[in-house]
*Asks:* 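One structure is given below, represented as structure tokens, and several questions about it will come after.
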Amino acid sequence: MMTHYHRPTFGSRLGAILAAVGSAVGLGNVWRFPYEAGQNGGAVFLIVYLGCVLLLGVPVMLAEFFLGRHTRRNGVGAFAQLEPGTPWAGAGYVGIFCAFFILGFYFVVAGWTLEYLFQSLGGSLAGKSPEQYTADFVTFIRSPLRPIFWAVVFILLTQGVISFGVKHGIERAAKLMMPLLFLLMIVLCVRSITLPGAWAGVEFLFRPDVSKLRDPGMFLSAMGQAFFSLSLGMGCMITYASYFGKNTHMQGTALSVAALDTAVAVLAGIMIFPAVFSFGLDPTQGPILVFATLPNVFSQMPLGTLWAFAFFLLLVIAALTSTISLHEVVTAYLHDEFDIRRSTAAGIVSGTVVIFVVLSSLSVNPDNSIAIFGVSFFDILDNLTTCVLMPLGGMLICLFVGWRIDTRILKAELTNKGSAAFYFFHVYVFFLRFVAPIAIGLILVYEIAGRFSPPPPPETTETVVSTIVLPGVLFPA
Ligand code: PHE
């Protein structure tokens with residue numbers, strides 16, 4: 001409970017930005033964003049997504065930064081300190097549960113990236129037919145032990161970094177891995193756009209087809225994607241901001257994180273779509289894009305094994321800096337509030353998460369029937385977090401900071417006691433009080449109404465494959 005008096009801080013401004021960027025950039029950018037953009041019309045989705053990041057993501061992120069640095073506490077402690085003895089701490093608990101549940105399925109997908117990195121290293125990813133790539137992927141994720149083994153390896157990697165602490169673990173890992181990630185992405189982008197016929201992929205991503213704007217669901221999935229991708233609504237940015245120094249420029253950091261996260265998502269699109277179009281593949285095939293389609297693309301390129309290795313290394317890095325931040329949300333809570341040593345707290349989190357991971361990995365195989373009301377455990381964790389807990393947490397954060405915090409305190413914190421300017425501060429407060437909660441409310445209603453109503457039966461083979469592969473993304477009938 002008392003340890004926050006000796007709160008560690010990130011060593012530099014750049015370290016703080018990179019740690020937050022490391023959290024934001026993850027499977028959500030490299031794997032989920034291209035898949036969402038592919039299914040929602042490419043360029044129009046990108047435009048709506050950019051709007052959401054700017055109008056919704058940045059204000060919510062600043063609110064989380066305020067809570068974290070002002071209180072220098074974890075996601076629960078921040079609320080408890082500002083409004084002691086009120087139910088507001090509940091908003092913090094939503095975040096703790098949410099982090100836990102996301103880890104339950106995120107580690108499973110992160111484990112898949114390790115398997116593919118391993119396969120690309122051994123060269124066994126090369127030289128198959130397109131159908132074989134898909135079939136092998138499905139066989140792999142449905143097997144009982146191998147995916148769990150890799151998920152546990154990923155948990156151990158995460159735990160290793162976390163127990164080194166904030167400066168020597170989290171910050172150092174981010175400083176090392178984020179530049180490497182950018183470098184790899186740029187190399188892969190150049191490779192992708194120089195393939196023959198790649199231009200169609202670039203046009204798909206950047207030339208808007210306005211007729212697609214009529215689908216209201218697309219606006220809402222873009223908002224959801226922005227939320228997930230920026231790690232908002234579950235205390236992650238509160239926890240990281242509690243390690244910010246007194247001079248960290250709050251608005252600048254929020255804008256940098258949002259800009260870099262968006263840049264990585266766009267780069268992922270440039271990396272994937274031109275290659276997919278160049279090989280005449282379907283951009284709308286969803287979750288299998290990364291694990292089944294891309295190895296196929298790599299195998300047809302000169303030095304394919306090398307490209308595959310670089311790509312899956314990139315995915316592992318992106319996933320690791322995100323699992324670190326998710327893990328830290330719970331670790332920091334246990335460490336601060338119960339005065340448990342960091343490494344012990346991290347061990348407790350990892351040990352408990354293993355149970356979730358085993359159940360969610362096994363539940364991907366329908367034969368194991370680890371399901372409640374016919375929904376697999378993997379899906380339950382996925383849907384509960386992205387559809388309910390993250391938007392709910394985000395809405396509560398906006399309402400709390402917008403209505404319960406004295407605007408003078410808010411302004412002082414966000415301007416480092418007046419040393420930085422905050423133009424349009426009142427517009428920002430208006431966003432927190434009205435615009436953001438209403439928008440998030442729409443996501444919540446849409447997600448619950450849309451996801452929990454039975455979807456139309458699959459019409460094409462691709463849809464069937466996608467539904468089998470990642471039921472959390474395309475809800476199965
Ligand atoms: N933003 C991460 C991604 O895009 C996922 C994440 C969500 C990380 C919530 C931390 C907190 O993959």
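Whatever order the structure lists them in is the order used to number ligands and atoms, beginning at 1. This chain uses plain numbering: 1 for the first residue, then up along the sequence. Computed from heavy atoms alone, side chains included, the values below leave out hydrogens, waters and symmetry copies.
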*Asks:* With a 3.5 Å cut-off and no angle check, do the side chains of His327 and Thr331 form a donor-acceptor pair?
*Replies:*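 Distance-only check passes for His327 and Thr331.
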*Asks:* Is the distance from the ring center of Phe338 to that of Tyr333 below 6.0 Å?
*Replies:*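 Between Tyr333 and Phe338, which both carry aromatic rings, the centre distance is below 6.0 Å.
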*Asks:* Judged by atom type as modelled, is there a donor-acceptor pair below 3.5 Å linking the side chain of Thr321 to the main-chain atoms of Ile317?
*Replies:*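 Checking the backbone N and O of Ile317 against the side chain of Thr321, a donor-acceptor pair under 3.5 Å is found.
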*Asks:* How about Phe107 and Trp150: are their ring centres within less than 6.0 Å of each other?
*Replies:*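 For Phe107 and Trp150, the ring centres are not under 6.0 Å apart.
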*Asks:* Determine whether the aromatic ring centres of Phe140 and Phe291 lie less than 6.0 Å apart.
*Replies:*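 No, ring centres 6.0 Å or more apart.
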*Asks:* Is the ring pair Phe100/Phe356 parallel, tilted or perpendicular, if the boundaries are 30 and 60 degrees?
*Replies:*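 Judged by the thresholds at 30° and 60°, the geometry between Phe100 and Phe356 is perpendicular.
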*Asks:* List, ordered by chain and residue number, the protein residues whose closest non-hydrogen atom lies under 4.0 Å from any atom of ligand 1.
*Replies:*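 Lining ligand 1: Ser23, Ala24, Gly26, Leu27, Gly28, Asn29, Tyr106, Phe228, Ser229, Ser231, Met234, Cys236, Ser322, Ser325, Leu326, Met390.
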